[in-house]
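Read through the structure below, which is laid out as structure tokens, and then see the notes.
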Amino acid sequence: MGEAVQAHSVHEAPAGFIRKYIFSYDHKVIGIQYYMLALFSVFLGMTLSVLVRLNLAWPGTEVPILGTIFPEGAPDGVMTPEFYLSMLTMHGTIMVFFVLTTAPQSGFGNYFLPIQIGADDMAFPTLNMLSFWVTFLSLVVMVAAIFVQGGAPISGWTAYPPLSALGEIAGPGLGTGQSLWILSVAIFCIASLLGAINFIVTTIDMRAEGMSMMRLPLTCWAWFVTAILALLAFGVLLAAGVLLLMDRHAGTSFFIPGGLVVSDKLIDHKGGSPLLWQHLFWFFGHPEVYIAILPGMGAASHILSTFCRKPIFGYKAMVYAIMGIGFCSFLVWGHHMFMSGMSPYTAIVFSLTTTAVAVPSAIKTFNWLGTLWGARIQFTTAMLWALGFVSLFVTGGISGLFLNQPAVDVYLHDTYFVVAHFHMIMGVAAIFGIFGGTYYWFPKMFGRMLNETWGKIHFWITFVGVYAIFMPMHFLGFAGHPRRYAELTSFEFLEPLAAVQKYISMFAFTTIAAQFIFLAIFFWALFRGKKADINPWKATTIEWSVPTPPPHDNFGGEFPVVHRGPYEYSVPGAAEDFVPQTAPDVATAKS
Amino acid sequence: MATTIAPPPVEIELEDLGRGGGGIPNLGWEGPGGPGEGAEGISDNRYRTGMWAALAGILMFFTAFISAYVVRKGLSNDWIPTSLPSLVWFNTLLLLASSLTLERSRHVLSDNSRFSRWWLLTTVLGAAFLVGQVVVWRQLIGDGVYISSNPSSSFFYVLTGAHGVHLSGGVFALGFLLFRNRQNPFGSVNRTPIDVVAIYWHFMDGLWISLLLLLFFWR
């Protein structure tokens, strides 16, 4: 075998701080690095949403510190409409890329995929390290976009041209800020592609003896299919980003139409198609939604089975449903474009394929309920988040069935109904999956227990909070309230809705405040938490049969042999109510 | 609570143990399966699988460009077909020849000096292709055809540029393995890096032919 192979299989535990914690090859350290990057990003994104909500509910509020940091965007601490849009853009971008794509897949996936399949590391540790640092670079470039001349772009996280393609002339933030934004997204694409290759190869080639595909925990299936989606989707976004950069800096006209007059100036481009960008972007964008949510589904299934003390209901159906959702995700991008001048016939096709996603989604929901049915449920904090995930997945999914009807979408498109829908399904549900994973896996990752009481308080405030924020948004949408408007006071038809915006903002601030409870218990547990056992939840999968926290190569040189499926709880005749995957014999199985 | 993870491999039947991977005889779908990592180190299938996965991602990247090409051409009335400089055909011959010499070198892997010669020739042909492509660009620029001239020329530069970037990665890999081989000859046993780079190289060759057909027949 080549040098690289030997380097991998020898895999000495590193000495020195830098090799161990900064430029580490260890998938566990890299997983935690990704998690911490997402944790930083989620608080940054949340801060931006505070500004957004503040401006919507109480326009003209003076925030002196803003005036100091952004004298252009918020003169005297009062946000300009352009500044509002730039905060909105960065909120969406940071949350989608650096939180929802990063934490559940790259964070937990990196840490637990190798352990759950019985491998000592990811297939390509060096590539893994590279993926993280490229992601980090991408975040640095993205954050830099906020602080350059003109500020962050105002074109939204979808960066539709021609607005995003014209440069400074089209508005503040569309100069350097927009260029950095595109660059950052392109870098992120490369990092995600590298990561996806690693996940796919690890799942296919690194499984331990006895770990057939149909014995993989559902988390692994979710990470595997998510990686395939990322592999096929991010390349397309990268290509689109390259073309957009060319339009901005090389004078091409891929996306910029002719005869465009901006700021009283005729733009020297012709013949380009803004719709072309939308097609390319949403061909990535829709799979991206599932990239965010599938790992959450995996974690929810894993947690539900553990705390129901029952095998997951319909394991194979769950696997095929994950594949079905992944497959469908590439056939539905047009439903984002019903209002972009799409032929009604094409719209019907996209509407049908979108509706078809309901089938695997319903299978998953049915099986989660089937798992819960008749179970002696243990209401741990992790379980509450998993149940919350199921609840939000249903709520957010059902509003999707409204939006996928082209005739209904004509009215609801670009209203707060859409904002409510995607926040519920893609944002909050995925975040609940992340929290579920955090409360469930924290003991293994850090060797200490999170505080269950405070965890439950955190859960209930968040759970009630997100419903209180996003349910009324559906009604705003019914009332025709358009999204993305910075200035609501000058429209008569929006006046009666101002009270709803205030109500939403108040709940948003409360919910955001509750996240500091999480931050506190997280860091408290890190240093002061109760020491965790090897298997505190009495769970079956391999991560719970390795020491806490796991040694450098996960298994102390002795690789596990897998003898059974992942969710053998309450097996008749077994010594305990769970049988680890590595136990050769049911009758004598012990943790 | 014992810290031992797995019981010593007892009489578990592993005859039908799946060997996962790029060779794909059996993915280990159900029952006792898995690539069986551990006992004999790590399966080098992962390099092959990784290459195929990477190529799937690269294929999507170029597919996006190609679909943009088709859409943009169909929509516009400002498309002025770019006539390909004849040097492009010569470059193509170089690249095709490099695939042949690469195969030749893989056939004589056990004879290190012959292997090195053919491999070196492949590397040189690859580098010559890249130089040739740059000359093509210079010729077009000399004729006043710039990236911003019209959508056809824009796509010509973007597609050849993106392919060139990927191919330079291939040339770098060829050169790197040449260097490695000088220090520590690969031989036919330790051939994984050779085979994996060959997959990439042939793919880039095939990709170029596809792009060329697009640029020629769909002007």
Side-chain angles (χ1 to χ4, degrees), chain A residues 1-2 5 8-9 118-119 123-124 193 196-197 200-201 204-215 231-236 238-240 242-243 246 250-254 258 270-273 276 279-280 283 533-535 542 545-547 555-556 558-563 582 584 591, chain B residues 1-7 9-10 12 14 17-18 20-22 27-39 41-46 49-50 53-54 56-65 67-68 71-72 75-79 146-148 151 154 158 162 180 184 190 192-193:
Chain A
M1 271 181 218
V5 180
H8 179 74
S9 47
F124 309 114
L193 289 169
I197 292 168
I200 291 170
V201 178
I204 293 178
D205 282 332
M206 303 284 286
R207 284 168 288 128
E209 283 181 20
M211 181 61 98
S212 56
M213 292 301 275
M214 280 301 174
R215 284 177 175 176
L231 183 72
L232 301 179
F234 273 106
V236 175
L238 181 59
V242 169
L243 296 182
M246 291 290 163
T252 58
S253 300
F254 296 113
K270 54 182 179 179
S273 165
L276 178 57
H279 279 291
L280 292 172
F283 187 85
D533 283 341
I534 283 186
N535 190 359
I542 299 178
S545 47
V546 299
F555 304 103
E558 214 176 310
F559 287 97
V561 175
V562 175
H563 296 269
T582 48
S591 52
Chain B
M1 177 66 74
T3 46
T4 22
I5 291 75
V10 281
I12 177 168
L14 290 173
L17 183 133
L27 279 167
W29 189 252
E30 277 184 89
E37 195 217 326
I42 289 149
S43 148
D44 60 1
N45 270 340
R46 63 204 166 99
T49 317
I58 291 171
L59 188 63
M60 287 307 288
F61 176 71
F62 279 94
T63 304
F65 280 141
S67 53
V71 169
R72 181 69 177 80
L75 284 175
S76 60
N77 49 13
D78 59 341
W79 187 281
Y146 301 103
I147 188 168
S148 57
S154 307
V158 167
R180 277 261 312 267
N184 189 9
N190 179 21
T192 310

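All chains are named by letter (A, B, ...) in the order of the sequence lines, taking the proteins before the strands, and each is independently numbered beginning at 1. It should be emphasised that the depicted structure is a prediction, and the values quoted were computed from it without experimental measurement.
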* To do: Output the distance between atom OG1 (B:Thr49) and atom CD1 (A:Ile204), rounded to the nearest 0.5 Å.
  => 5.5 Å

If you look at every heavy atom in [X] and [Y], which pair is closest and at what distance?
X	Y	answer
A:Leu276	B:Ala68	CD1-CA, 3.8 Å
B:Arg46	A:Met206	CD-SD, 3.8 Å
A:Ile197	B:Gly50	CG2-O, 3.8 Å

* Structure fact -> side-chain contact (heavy atoms from CB on, under 4.5 Å) filter on A:Met246, not counting sequence neighbours, yields A:Val242, A:Ala250, A:Thr252, A:Phe254, B:Ile147, B:Val158

With chain B as the partner, which of [options] has the greatest number of non-hydrogen pairs under 4.5 Å?
options	answer
A:Gly271, A:Gly272, A:Gly251	A:Gly271
A:Ser273, A:Gly235, A:Gly258	A:Gly235
A:Leu280, A:Leu232, A:Leu193	A:Leu232

* Heavy atoms only, distances under 4.5 angstrom: which of B:Gly57, B:Ala54, B:Ala162, B:Ser148 has the most pairs with chain A? Name it, please. => B:Ser148

* To do: Determine the option with the most heavy-atom pairs under 4.5 angstrom with chain A, choosing from B:Ala56, B:Ala64, B:Pro151.
  =>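 That would be B:Ala64.
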
* To do: Identify, with sequence neighbours excluded, every residue that meets side-chain hydrogen bond (donor to acceptor under 3.5 Å, both in side chains) alongside A:Ser253.
  => A:His269

